[in-house]
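To start, the structure itself, in structure tokens.
So that the names make sense, note that chain A is the first sequence line, chain B the second, and so on, each numbered from 1.
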2 protein chains.
Amino acid sequence: MVKRTSHHEADCLIARPLDAIGDWWSLLIVRDAFDGLRRFGEFQKSLGVAKNILSARLRNLVAHGILETVPAPDGSAHHEYVLTQKGRGLFYVLVALRQWGETYFSGPGEPYTFMVDTLTGRPIKRLEVHAEDGRQLAPGETRLADFRNRETE
Amino acid sequence: MVKRTSHHEADCLIARPLDAIGDWWSLLIVRDAFDGLRRFGEFQKSLGVAKNILSARLRNLVAHGILETVPAPDGSAHHEYVLTQKGRGLFYVLVALRQWGETYFSGPGEPYTFMVDTLTGRPIKRLEVHAEDGRQLAPGETRLADFRNRETE
DNA sequence: CCACAAAGGTTTCAAATTGAAACCGCTTGC
DNA sequence: GCAAGCGGTTTCAATTTGAAACCTTTGTGG
């Protein structure tokens, strides 16, 4: 066995992100970071993950620029982990995953949480994919296209 | 070591989906399925994954109701793997992941693909999160709220 | 009809990863 | 001054991964 496969060099821009967050724990750490968790111990308690694993995941997330370490505000020698802008960009992935989970993974009648608009307390709308002109697009109405350079954007 | 951790019973509706698709390959299989791939051999060639691993992942995806097997249309004894409705629900996850990848993982000047509107060939809009009343919401403007029963929906 | 090839897996086995628990160093709190 | 807590690292066995070999069921050429 050579090495655990990495998608780092894949052409596909779905594959490459999985290199950074495509394991069982990383996305949950990011979710907790969105919930305001910052300390090693907080993540460990929330996730119940072994400390060596958490340590490796945090290091990987920092290496990928998803989290960054900042000095602890209480003046202690320790530091805290906070989301970078890149890390906050995962918000839409989390929302999409959560909406899918709400639809297909919630047992009937079980205690249940929604994402809600903080201002009104009402559930947010489902994600939709829209064309440039505003038309809503179904999965079959999109495809991938190649552009040689970014200037076509 | 007891067993590889499963999020199957987690309360969190982000964690539970990861049980179904939270490994290095499953989401790429789903991506290929959206691209129209259906046969074992097609997935294997596209992903370059070992056959035993692909076999296990396809079985898992079928067990989770994300793919289903259908008889091959050419009358051969083999079957094909196609997305279920639940599987097609992952479209938004893939779009979110891809847009994140486009933003943060594409090297400068490298050949590049976009998701485009099939009708016009123009890139699709970025995902946005909206409140019930249509206001666009930033990451910090949402939270999770508990509802005892689904009837509050 | 028989040999041979291809598709679609399964089996085998070594190497890598995971996880639980023990350990370690540094600050506090008492 | 000493125990406790935080934030990890180390150790080591169980599990998972991946490459390659193998098997089984059709399809095909001679």
Task: Short side-chain N/O contact to C:dG8 OP1/OP2 from B:Y81, under 4.0 Å - done: no

- [ ] Find the distance B:L58:CG to C:dA7:P and express it as a whole number of Å.
- [x] 16 Å

Open item on the list: Expressed as a whole number of angstroms, how long is the span from A:I29:CD1 to D:dG7:C1'?
Closed with: 15 Å

Open item on the list: In this structure, how many angstroms lie between the C1' atom of D:dG5 and the NZ atom of A:K51, rounded?
Closed with: 9 Å

Open item on the list: Just the rounded figure in Å: distance from C1' of D:dG7 to CD of A:Q44.
Closed with: 10 Å

Open item on the list: Please confirm whether the shortest side-chain N or O distance from B:H79 to OP1 or OP2 of C:dG9 is below 4.0 Å.
Closed with: yes

- [ ] Please state how far atom CG in B:L54 lies from atom C1' in D:dT16, giving the value in whole angstrom units.
- [x] 16 Å

Open item on the list: Could you tell me how far apart A:R57 (CZ) and D:dG7 (C1') are, to the nearest whole angstrom?
Closed with: 18 Å

Task: side-chain N/O A:W25 vs C:dT18 OP1/OP2, d < 4.0 Å - done: no

Open item on the list: Measure CG/A:D23 against P/D:dT17 and give the value in whole Å, please.
Closed with: 12 Å

Open item on the list: Restricting to side-chain hydrogen bond (donor to acceptor under 3.5 Å, both in side chains), what partner residues turn up for A:T120, sequence neighbours left out?
Closed with: A:D117

TODO: Output yes when at least one side-chain N/O atom of B:S55 is less than 4.0 Å from OP1 or OP2 of C:dG9, else no.
DONE: no

Task: side-chain N/O A:R59 vs D:dT9 OP1/OP2, d < 4.0 Å - done: yes

Task: Distance, rounded to the nearest Å, where B:K45 contributes NZ and C:dG8 contributes C1' - done: 15 Å

Task: Side chain proximity check, A:V49 to A:R57, heavy atoms < 4.5 angstrom - done: no

Open item on the list: Would you say that A:N60 contacts A:I21 through its side chain, given a criterion of any heavy-atom pair below 4.5 Å between the two side chains?
Closed with: no

- [ ] Please determine if a side-chain N or O atom of A:R39 lies less than 4.0 Å away from the OP1 or OP2 oxygen of D:dG7.
- [x] yes

Task: Listed nucleotide nearest any side-chain atom of B:H78, set C:dA7, D:dG18, D:dC6 - done: C:dA7

Open item on the list: Less than 4.5 Å apart, side chain to side chain, heavy atoms only: is that true for B:L54 and B:W25?
Closed with: no

- [ ] Return the 5'-most residue of the pair B:F40, A:I53 with respect to DNA chain C, ranking by each residue's nearest nucleotide.
- [x] B:F40

Open item on the list: What I'd like to find out is whether the side chain of A:M115 reaches to under 4.5 Å of the side chain of A:L94, using heavy atoms alone.
Closed with: no

